[in-house]
Each structure stands twice: as structure tokens, then as C-alpha cells.
Amino acid sequence: MNPPPLIPLDDAQARHAAESIGRLRRVLQGVLFGQNDLIDLVIVGVLARGHVLLEGLPGLGKTELVKGLARALDLKHKRVQFTPDLLPGDITGNPVLEEVDGRRAFTFQPGPVFANILLADEINRASPKTQSALLEAMQERCVTVMGQTHPLPSPFLVLATQNPIELEGTYPLPEAQLDRFLFKVDVPAANVETLERIVLEREIGIPPEVPCVMDTHALTTLQDEVRRVYMPPPVANFIARLVAATAPTNPLAAGVRYGASPRAALALSAAARARGLCQGRINASYEDVRAVALPVLRHRLVLDYGARLEGLTPDGIVARLLDAVPAHDKPLPTSLKAAKV
Amino acid sequence: MPIDTNLAAGAAHWERRARLLAAEINAGWWLSSWLPTALAIGIAGTFALLWARWQALELVPFAWGAIGVALVLAAVAAWFQSRPRFESVASARVLLEERLGLHARLSSAAAGVGDWPGRRIDLDGRWPVRLRATRPVMLLAMVGAMLAAAMVIPVADAGAFRRQAIEAPADAEIVSKWIDELRREEAIDERSAGDVNERIEAILERPRDAWYEHATLEAAGTLREQTAAELAALARNLAAAERAAADLAAAPSGTASSEKHRDSQALAAAARQLALGGMRPAGDAGTKLGKEAAEALADLSPEQLRELAAALRANRSKLKAALARAANFDLAALGPDSDCEGCKPCGNCKECRDGKPCKKGACAACSRAGRGGISRGPGEAPMKAGKEEDLGATRRELVTAPTDVERSAAGELLDVVDAEHAVDESAYVGPQAGGSIAPAADGGGPSRVDNLLPREQDAVRRFFK
């Protein structure tokens, strides 16, 4: 049975939500300089109830961003440095034998996953077994230990980082786990102006002051409002055609071994809605889909060996698909041409 | 972009725009489907118009109507053919909102979510599609130009072409016309005309494809030459007979019998030639000559001789008049007129005072080269060696019949004219059979000319093949 349809937002609600989000954005921009796009995507990911995988060099401020986000939202956050000897229990928690009322019994000691925001630093350094311990937490938002399921606090968000330059001693994330991440965001290096501002306004060992601009209830309200952002059928059709175009059978997706899954379509829809709300709109649009398509799809495309040898990247293929798949799916007659607006 | 969301008329405004855009795109699809067909119809119509004009049929208005109907039917068919590609209003709305950067606001508003964008959005220069007018206009112009050209381009008459194509050899046509005119004028007898017509039919019985072959043309040319020669001979024989009859009639009673005998012999010879010639006179002359035996002509009374001379003159005049009407006949070959002024000095012109032949009113024969007539170029002097005196004055030519009559072709010239034959009486000629004609050509002159009929030429060709 389908859930009852949500009541769409009205313009006033959308504008109010956009103002709240704008405040959060400005706070985070004061934490992490020169990474506005990254901040926007992280906010979109939070609002869409998604998990974000950040890929970038050390020292670019990923951890600071997560800390700042937690403080601005007044959320509980934990940070786990993933290492090869990290065990699943180190993340999920372990049963501990305790004596209660003269009797010895195992009591569950929650791990760091029990937080609103979990920063999984260098997640690809942990063994696959440990990585898979996050699967249930990310997808089901609960942890099962010794047959007992423990729900995670809400909201729950995993922000994972991975280092692209250290290949030795790393365990690439399996596709199933990658698919759980809403976004994979490349963290670009800071430019000269940003570095100059960092030098002028930051000091080592002294964290920046981050005001709390939103409580948990407000965040949950915003996440609920994202669900009420209207998804017009033409935009949904655009998402469907875009995801379908990643299939290896599509000539446009030459070099792709495995295309995006239906979960990718859902991720695109949620992210587009969240971005629409960030823009103060009551509906998602084609522009929203295009804006989030790259971080949503890039880690969901598995290329074949030939494509890798040719130097093709998922980013290039997604860019090609975005050029080739129009929002208006019908071709124009030869006697007409599309105007460049 | 400023969006006025409070305008109630926004829905109608944007829906109208979407319908307009859909109609424009649908018209484009319809044009894309119709134009190639229209071009094909234009090409076919062009050829149809050219064909109708070529055939000189009264089909040109019908062709125009058919072209118009075909274009209309093609337009209807193109409409049905392009319908699956037609743009719906909803789809046009998507194109509109995407091109205008309206963030799917039109689709949302159409679904009842949110307000329509305001009408104040400036659409000038931001319409989603642009018309590529060059191709449709060029194609339509091409079709129009082709159809117009089909009406303007000069086209030959196919009927004329066919008539020309089946036209008989020109020489045969000319000879047929001669015979027709001669029969109408009753200048020759029916048997002679029938003989020539049979020969014409023999030529025309050949396959039409062979009418322009060399053999056919040569046969027709030979027929023309032979007929012309026979007609010329007929004219000369009539003139000779007329002169002889007139001389006999005009001879006074005391004329020596030898002179009368010579004139009667000349009349008899002319009558014989007339009877033996390929062309025989018709009417009074033929009747009168036919009645009398050649030997009995001398016994005719002067009155009868005058009547005979008048009949011969009349026949000769008819002959000349008929041939004058029928073109392509050298009238000079008929010899001078008996009443030609060129033969009778007028005494007034310079030629008469200088003692030369008078050219005033001279007939065609008298005006020929060598007779003081106007001539340019090489003239008509025979290109053969011979006596110089033969080139001027009256040409006297001895034409002899072939010795072997069996080998003579039907209608071949068997003509003997009165001529001064310089016979060497002392030369031994051997025994001669009574009535035989011995070939006695002048030095360098033709003694006998064999002309083969077309069927004989074919036989010879087959033999050597």
C-alpha cells in the first residue's frame, strides 16, 4: 500500500526553509574557506538524508567541515580513523560482561557509530569486513549485535573520507557499499586566495568558533520538507532517462561495465529535491538534477578495463550523458533549431 | 529572472504559449514530412507538363490540377505520417520552461503545485525554437521554378518529330510530286505515271528503319535522276516532233521530195522515240501519234500536221507547267521554249546589236551558262572531255540504247534524239542486222550507262556478300 501523498510545500514555506539553510551555509563557509560547492553538496546530502563520501588530499579541511556541521546543527558527532586492524566492533560497539544485581550479563557498549554524524576518516584503509559493518548502519540506520538491533540516533549521517594517493594497504570500497553513499565529492585543493585567507584567519590547534544555527528538530523538519518538495513528472522522466542512459547497452555509455542502479535514481530525486529547497523552490527542476548528477553518479559507474586504458573516467561519461540527454526528450524537426537561451 | 506569481491570467498566458510552441513544432514536423513529397511531386509534375506540351495534348490544365490535388493529398498524408511525432502541449511546456530557465515551474503549476510564473517574463529573443526557413523556402522555390520552367522551356512537337521520322526519302517524295502534278495536268499517260509510282512503292515497301540507309537513298536518287531524264527526253522528243510536224505542214507544195522525206523521217523518228520512251505523252498528242503509224505520218495533210504540231506544243506546255509547279526540277533540262524570246532577237538590246543571242525574255534553257545568261561559279559545264563546241549553242547528243535490251532496267532511258552523227562512211562497220542499234559513242563520251534498280543492287550486294 502506497503511503499517502505528501502535501507539497507552498512558496512561503520554501522561502523560510531556504533562509534557514542559507544561515547554515554561511556558517559553514566561515569554517571552510573557498569550498562553497563542497559545502552546498554536504548540506544537500544532510537534507536528503544521505551519506557523503569525500575524496581528497589530507589537510583540506574535511574534518573541520564535519565538526563545524555538527556544531552548527547541534548534533552529536564521532570520528573514527579507519586502520587495517580496525574491527567491526570498534565501530558498532561490543557487548561487555558486567555484573548487575549479583548476576553477570553482557551489556551492549555502543560504538562510535551511535552519533548523529559519523566521520569515517580514510575509510578505505579498513578491511572489507570492517567496512561492511557500516552497511547496515548506513542503509537501515540501526546496528545488530549479538542478535539485538540497536537503532541509531536520528538524524544519522556518515561522512567518509578516502585518500586517493595512498594505494598501498588500502581496500577499495565494494560497489555495494559505494552505492549506499548519496554523494561522492571530490574535495579540490585550495587556491591562493583561499590559502591566504586561511593563513590570515586560522591558527593551528585553535578550532574556529561555530555558532549553532539549527537544532535537531529544525533539521528534521527541513528533512521532512525536502520530501514535500514536488517532483514534476517531466523532471522524474529526465532522471529516469539519465539513469537509464548509463546502461552499458547505451552507445552513450560506452566503456561502462555496470551502470547506475535504481537506487541512483532515488538518490538523484532526493538530492534534486533538497537542492530545490536550498534554492527556495517548491519543486525540483532539471537544473537541480544536472547539478547533483555528477556526485550522485560518478561512484556508481563501474568502467571496464578498456575504458580505463583509454583514460575514460566516470566524470567524463556523466558529463557526456548530461550533454546528450535533454530535459525535453523529443527531437525537433529539421526545419527548426533549438534557440540558445 | 523576475517571476510574478500573483497574476491570475498566468495560466492562460503560458498555456497559450505552450500551444503556440507545440503548433510551431508540429508544423515543422509536417513540413519535414511534406516537403520531400512535394519535391517529388514537383519533379514528376515538371515531367508531366513537359510531356503534355511535347505531345501537344490538351492536358496541361489537367496536369496542373493533378499537381495541385497531389500536393494536397501529400499534405494530408504528411499530416497523418508525422502525427506520432507531434508535440503535446505538456511536452511543449517542458521545452518552454527549460529554455526559459523556469525551473520546471510550468509543469508544477500545470499539476496544481505552486503558481504560474508571471506574464511579465520577457520572451523577446528567447523563444525556444528558431525557424530554419532556408531549406523549406529553397525546396518550395525549387518546386515552383521547376513547374514554371516546364511551362516556359521550348518543347518540340512530338507529332512533328514523328512525321519527320516517318518521312519517305526526299527524292521519292519529289518524284511523287512530279508525277502527281503531271497527272493532274495530263501531261503524261497513266501507264507511264503508274510505272514510276510502282517504283516509288517498291522503295517505300522497305522497312521504315531502312529508309535512311544508303541503299534506299541511292535508289530514290537514281529514280529521281532517271525520271528527270525521261521527262527531259519526253520534252525534247515532243519538241522535235513538233518541229518536224510544223516544218512538214509549212512546206510549200514545190518543196523537194528529199526535204519532205527528211522531215517526215524526223517526225517518224520522234514519234518512235515518244512511243519507246519511259514517259509517253498523254492527251491529244499521244492519241494522234498513236493513231498513225510512223510511216504514215508523212501522208498527213498540212491541216492534220498543224493540228498535230499544236497538240504536241500543248502537251509540251502542260509538261513544263506541271514541272514548274512541282519544285525541284531543272526546267532548263526540258530545252528551250519554241516561243522563247531568247531565241528570237528583239533588235533593241545590246546583245542583239552586238550580234549575240538576245536574253530578253529568254527561257531557262537560253539563260544557262554559255548562252550569255547570268552564271556564277563553275557553271553547269559537263565535267568531261569532249568537243568544245558541244559546250555552247544547242547541245547535240547522241544517246543510244544498250545493245542488250534484256539487261536494261525497267524505265531505263532508251532515248534517241536527232543528232548529227559524224559517221565515217569509209569505216568498215561490218554486217548489221536490220533494225539493230550499234553503239557509236563519241570519243570520251559515255556510250552506255547502266543503272541498277534497288532490288538489283540488293541482288548484287548479296552475291558479293
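Lettering of chains follows the sequences in order, A, B, ..., and the numbering in each one begins at 1.
A:V235 and B:A104 get closest at one heavy-atom pair: CG2-CB, 3.7 Å. Contact between B:I25 and A:P333 at its shortest, heavy atoms only, is O-CG, 3.7 Å. Residues B:R105 and A:D11 share a closest heavy-atom pair of NH2-OD2, 3.4 Å. Residues B:G114 and A:I282 come closest through the heavy atom pair CA-CD1, 3.3 Å.
When the shell of 6.0 Å around CZ of A:R241 is examined, it contains more than 12 heavy atoms from other residues, nucleotides or ligands. Counted within 6.0 Å of CZ on A:R227, heavy atoms from surrounding residues, nucleotides or ligands total 12 or fewer; the atom is thus considered open. Around atom CZ of B:R85, no more than 12 heavy atoms belonging to other residues, nucleotides or ligands sit under 6.0 Å away. For B:M138, the CE atom counts as loosely surrounded, since its 6.0 Å shell holds 12 or fewer non-hydrogen atoms of other residues, nucleotides or ligands. Counting non-hydrogen atoms of neighbouring residues, nucleotides and ligands closer than 6.0 angstrom, the CH2 atom of B:W79 reaches no more than 12 such neighbours.
Side-chain contact between A:E287 and B:H103: present, with at least one pair of heavy atoms (C-beta onward) separated by less than 4.5 Å. At a threshold of 4.5 Å between non-hydrogen side-chain atoms, the residues B:S107 and A:Y230 do not count as touching. At least one side-chain heavy atom of B:L95 sits under 4.5 Å from a side-chain heavy atom of A:L332.
Partner A:H328 forms a side-chain contact (heavy atoms from CB on, under 4.5 Å) with one of B:E98, B:E97, B:R99 and no other, that one being B:E98.
A:K330 places no side-chain N or O within 3.5 Å of a backbone atom of B:A92 that could act as its donor or acceptor partner.
The residue among B:A27, B:S91, B:S82 with the most heavy atom pairs within less than 4.5 Å of chain A is B:S91.
Of the two parts of A:A14, neither the backbone nor the side chain holds a non-hydrogen atom closer than 4.5 Å to a non-hydrogen atom of chain B.
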